[in-house]
Amino acid sequence: MAEKKTPLEAGKDTGPESGAPENGAHVSGAPWRNFYGRFSGKTLKDSQRRYLAEDLEALSPGAVGWEENPDRTPLDLDALFGGRDTWLEVGFGGGEHLVHQASNNPDVGIIGAEPFINGVAMLLGKIRKAGCENIAVHPGDARDLMDVIPPQSIAKAFLLYPDPWPKNRHHRRRFVTQEHLEPLARCLKAGAIFRVATDIPDYVRQTLEEVPKAGFEWLASEAADWREPWGDWISTRYEQKALREGRTSTYLTFRRLG
């Protein structure tokens, strides 16, 4: 039996360092995908290690990784959430928004994707405290998750304070590129809502340029539609940092065209 890997160890098995063959594919058959974010940060607390060991596996949405699902068999979301509508949060940070939405919307199921294991551990602690039972967690690249989400199955998606990659030469690493937006659009139902929040003006520019190209329309008729947060919003730690540093947040709402 193959040795079971932690999410952090499994996440490192991508890219040329893992011994990919000359054709550029991973040994598992996965396509070549560079990953530029962080998998881990400061040392985890003992309680966070316990959350990862005791809770994470049970919260899996199903077989997402290429090694366990090389045929990319779609996830059974009806079985996962009992036929409820499914939402998706890409990069949930510390998990406060995800848990807030799950607690206030028990009639939906929410999948969160986050490769930063410290953030995953923080989320698990919040789930324990809130007692949410309608959350699934993928501790890895959202692109792998979107591979196996059935087409037109997600009713709402969130991208909140994503990594801005501020240098011009790094803008292609942002989530709001067609590499990420096209598979996201494929996953969303016609009419599904896609929310983006950021405190970086150039990220707003790129979002407004790229998201419509992927089959979305921007829902805004007056300045309040992007200057004021959504009615069900909870301010995240990233937003609080932006406020402390004098940056203004923008809240963009898009609808997936049919």
Side-chain angles (χ1 to χ4, degrees), residues 7 51-52 54-93 95-115 119-120 123-160 175 180-197 211 214-217 219 230-234 253-258:
Y51 301 153
L52 291 169
E54 296 177 358
D55 299 353
L56 183 56
E57 185 174 358
L59 293 173
S60 171
V64 173
W66 279 82
E67 292 184 351
E68 69 222 34
N69 187 0
D71 296 329
R72 313 316 283 148
T73 301
L75 300 174
D76 188 345
L77 299 184
D78 286 338
L80 180 64
F81 292 125
R84 292 175 285 185
D85 273 352
T86 302
W87 296 358
L88 171 66
E89 183 164 344
V90 176
F92 53 72
E96 54 265 63
H97 176 266
L98 196 156
V99 170
H100 170 75
Q101 291 290 352
S103 297
N104 286 281
N105 297 279
D107 56 333
V108 306
I110 308 181
I111 304 176
E114 174 61 65
V120 174
L123 169 68
L124 298 181
K126 292 180 175 68
I127 292 174
R128 279 199 179 194
K129 183 177 181 179
C132 300
E133 297 182 349
N134 55 334
I135 293 176
V137 182
H138 170 56
D141 194 327
R143 291 173 294 185
D144 293 335
L145 177 62
M146 291 187 293
D147 284 345
V148 294
I149 290 177
Q152 300 184 39
S153 62
I154 300 297
K156 185 179 287 188
F158 307 92
L159 178 69
L160 308 176
F175 187 89
H180 303 89
L181 293 170
E182 289 177 359
L184 174 65
R186 180 191 62 81
C187 295
L188 295 183
K189 297 179 178 181
I193 295 299
F194 177 38
R195 292 179 175 180
V196 182
V211 173
F216 295 83
E217 62 175 339
L219 301 180
W230 304 281
D232 59 353
W233 176 245
I234 181 174
T253 305
F254 299 90
R255 179 167 55 209
R256 178 72 170 101
L257 298 173

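Residues take their numbers from the sequence shown, with the count starting at 1.
The shortest non-hydrogen separation linking L88 to L184 is CD2-CD1, 4.0 Å. Closest non-hydrogen pair, A63 versus N69, comes out as O-ND2, 3.0 Å. Closest non-hydrogen pair, A190 versus G258, comes out as CB-CA, 3.5 Å. Taking both residues in full, the closest heavy atoms of G112 and L98 are given as CA-CD1, 3.5 Å, listed atom of the first, atom of the second, then distance. Closest of all the heavy-atom pairs between M146 and C187 is O-SG, 3.6 Å. When all heavy atoms of V64 and P61 are compared, the pair lying nearest together is CG2-CG, 4.0 Å.
For N105, the side chain to side chain contact (heavy atoms under 4.5 Å, CB included) test picks out W87, Q101, D107, V108, with sequence neighbours left out. Residues satisfying the side chain to side chain contact (heavy atoms under 4.5 Å, CB included) test with E133, not counting sequence neighbours, are none. Residues satisfying the salt bridge (charged side-chain N to carboxylate O under 4.0 Å, His left out) criterion with E68, sequence neighbours excluded, are absent altogether. Residues passing the side chain to side chain donor-acceptor pair (under 3.5 Å) test with Q152, sequence neighbours excluded: none. Evaluation of the side chain to side chain donor-acceptor pair (under 3.5 Å) rule for S153 yields no partner, not counting sequence neighbours. For F194, the ring-ring contact (aromatic ring centres under 6.0 Å, His included) test picks out F216, with sequence neighbours left out. In terms of the side chain to side chain donor-acceptor pair (under 3.5 Å) criterion, residue partners of R255 (sequence neighbours excluded) are, by chain and number, E217. Residues forming a ring-ring contact (aromatic ring centres under 6.0 Å, His included) with H100 (at least two apart in sequence, or on another chain): none. Considering only residues two or more places apart in sequence or on other chains, A102 meets the side chain to side chain contact (heavy atoms under 4.5 Å, CB included) condition with I110, C132, N134, I135. The side chain to side chain contact (heavy atoms under 4.5 Å, CB included) search around L160 returns E89, H97, F158, A197, W230, W233, not counting sequence neighbours.
Counting heavy atoms from C-beta outward, L145 and V90 have side chains that stay 4.5 Å or more apart. Side-chain contact check for L56 versus V120: some heavy-atom pair is nearer than 4.5 Å.
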Q. What do the steps show when you test V99 against I127 for side chain to side chain contact (heavy atoms under 4.5 Å, CB included), and what is the final call?
A. CA-CA 7 Å; V99 170; I127 292 174; 4.0 Å; yes
Q) Can you check side chain to side chain contact (heavy atoms under 4.5 Å, CB included) on R128 and D55, steps first, answer last? A) CA-CA 9 Å; R128 279 199 179 194; D55 299 353; 2.5 Å; yes
Q) Step by step, would you call L59 with L124 a side chain to side chain contact (heavy atoms under 4.5 Å, CB included)? A) CA-CA 9 Å; L59 293 173; L124 298 181; 3.5 Å; yes
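Note: L181 CG to F254 CZ = 9.0 Å, rounded to the nearest 0.5 Å. Between the OG1 atom in T86 and the CG atom in L80 there is a gap of 7.0 Å [rounded to 0.5 Å].
Judged by distance alone, the side chain of R72 and the main-chain N or O of D144 form a donor-acceptor pair under 3.5 Å. In this structure, D141 contributes its side chain and R143 its backbone to a donor-acceptor pair below 3.5 Å. At distances below 3.5 Å, at least one donor-acceptor pair connects side-chain atoms of R256 with backbone N or O atoms of G215.
For the salt bridge (charged side-chain N to carboxylate O under 4.0 Å, His left out) condition, the pairs that include at least one residue of residues 182-197, sequence neighbours left out, are D85-K189, R195-D232.
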